[in-house]
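Residue numbering restarts at 1 for every chain, and letters A, B, ... go by the order of the sequence lines.
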Amino acid sequence: DAGITQSPRHKVTETGTPVTLRCHQTENHRYMYWYRQDPGHGLRLIHYSYGVKDTDKGEVSDGYSVSRSKTEDFLLTLESATSSQTSVYFCAITRDSTHEQYFGPGTRLTVT
Amino acid sequence: SQQGEEDPQALSIQEGENATMNCSYKTSINNLQWYRQNSGRGLVHLILIRSNEREKHSGRLRVTLDTSKKSSSLLITASRAADTASYFCATVPSGGGADGLTFGKGTHLIIQP
């Protein structure tokens, strides 16, 4: 258990509304990641952070933004949710240079 | 784009049998990792093999790596019902890794009692 929590765990929202997902860690790790998981695609990286206020884009970053104002929190925002963003979102951290990742429990987001 | 590709996509075996899953990747790696995901849960790290290693064991898990073929296999021996899950390989590129792992699409393993 890497002390990672995600909130909310489930959310249903309407197309066009903004949505923010939160990832919280208790172990002060520098690197944090947001992935989405969809059937037939596995996990795909959305954004990642390598420190407070230091973030970068991943493979599928369009339509998403992130912020990290504190070491322990990494926020993922969908400025205007679309049905294609219906997915399960996972947050992860790495502990060391091997880049083994430890995952949160996930947030299931449905955009109607 | 996906780096790792697992094969088969789905596998169903009887309890007690061995399960083998394969992963192929495209670019040079620093290490390759295997993860398990139970239904509705997050991924759990199982085992890591470095690019200079050929085989690694952890309990009932055996991982092999062939960098010349850019492939890896995960063997689960004496399978149990609790091994029913999806299994993913993920790669860390040579000289990198801070920008996240590249995951395959997974193998869904079902252990029949």
Side-chain angles (χ1 to χ4, degrees), chain A residues 1-7 9-10 21 23-25 29-51 54-61 64 66 74 76 87-108, chain B residues 1-10 21 23-27 29-53 56 58 61 63 65 85-108:
Chain A
D1 183 2
I4 305 169
T5 57
Q6 292 184 232
S7 58
R9 294 293 314 282
H10 301 270
L21 309 182
C23 177
H24 179 80
Q25 57 142 331
H29 296 291
R30 179 181 172 194
Y31 290 94
M32 299 183 75
Y33 305 83
W34 277 108
Y35 293 89
R36 61 177 289 174
Q37 184 176 33
D38 304 289
H41 289 278
L43 275 81
R44 293 179 292 174
L45 182 68
I46 306 172
H47 281 278
Y48 65 99
S49 170
Y50 44 98
D54 292 323
T55 65
D56 207 344
K57 297 178 180 180
E59 177 189 357
V60 291
S61 60
Y64 301 95
V66 290
F74 191 29
L76 177 70
S87 187
V88 181
Y89 292 86
F90 287 100
C91 174
I93 60 97
T94 61
R95 280 182 170 151
D96 58 32
S97 61
T98 64
H99 299 287
E100 291 179 24
Q101 295 201 348
Y102 297 85
F103 286 80
T107 294
R108 183 173 296 275
Chain B
S1 62
Q2 299 295 135
Q3 163 78 309
E5 292 288 340
E6 290 90 345
D7 169 56
Q9 292 185 7
M21 289 158 271
C23 169
S24 60
Y25 58 92
K26 297 175 183 174
T27 61
I29 61 170
N30 176 285
N31 67 67
L32 184 145
Q33 304 173 26
W34 285 91
Y35 290 80
R36 183 187 73 232
Q37 184 180 34
N38 292 93
S39 181
R41 308 291 293 273
L43 278 73
V44 174
H45 183 268
L46 293 176
I47 194 166
L48 177 152
I49 187 165
R50 301 178 191 274
S51 60
N52 62 352
E53 297 176 311
K56 200 162 183 180
S58 176
L61 304 180
V63 171
L65 179 65
S86 291
Y87 292 81
F88 296 87
C89 68
T91 54
V92 175
S94 298
D99 55 351
L101 303 180
T102 304
F103 286 85
K105 297 178 183 179
T107 292
H108 185 51

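Within a 6.0 Å radius of NZ in A:Lys57, other residues, nucleotides and ligands contribute 12 heavy atoms or fewer. Heavy atoms of other residues, nucleotides or ligands lying less than 6.0 angstrom from CZ of B:Arg50 number 12 at most.
Side-chain contact check for A:Gln37 versus B:Phe88: some heavy-atom pair is nearer than 4.5 Å.
The closest donor-acceptor contact from the side chain of B:Asn30 to the backbone of A:Thr98 lies at 3.5 Å or more, if one exists at all. No side-chain donor-acceptor contact under 3.5 Å links A:Tyr33 to the backbone of B:Leu101.
Between atom CZ of residue A:Phe103 and atom OH of residue B:Tyr35 there is a gap of 5.5 Å, rounded to the nearest 0.5 Å. Atom CD of A:Glu100 is separated from atom CG of B:Leu46 by 10.5 Å, given to the nearest 0.5 angstrom. The distance from atom CG of A:Leu43 to atom CD of B:Gln37, rounded to the nearest 0.5 Å, is 6.5 Å. Within the model, atoms NE2 of A:His99 and CG of B:Asn31 stand 8.0 Å from one another, a figure rounded to the nearest 0.5 Å.
There is no side-chain donor-acceptor pair under 3.5 Å between A:Gln101 and B:Gln33.
Using the six-membered ring where Trp is involved, B:His45 and A:Tyr102 have ring planes that are tilted, between 30° and 60° apart.
In this structure, the portions of B:Leu43 lying under 4.5 Å from any heavy atom of chain A include both its backbone and its side chain. For a residue to count as touching a neighbouring chain, one of its non-hydrogen atoms must lie under 4.5 Å from one of that chain's; by this rule B:Gln9 does not touch chain A. Contacts between A:Phe90 and chain B at a heavy-atom distance below 4.5 Å involve the side chain alone, from C-beta outward.
Interface check for chain A: of the options B:Ala90, B:Gly42, B:Gly106, B:Ser86, the most heavy-atom pairs under 4.5 Å are formed by B:Gly42.
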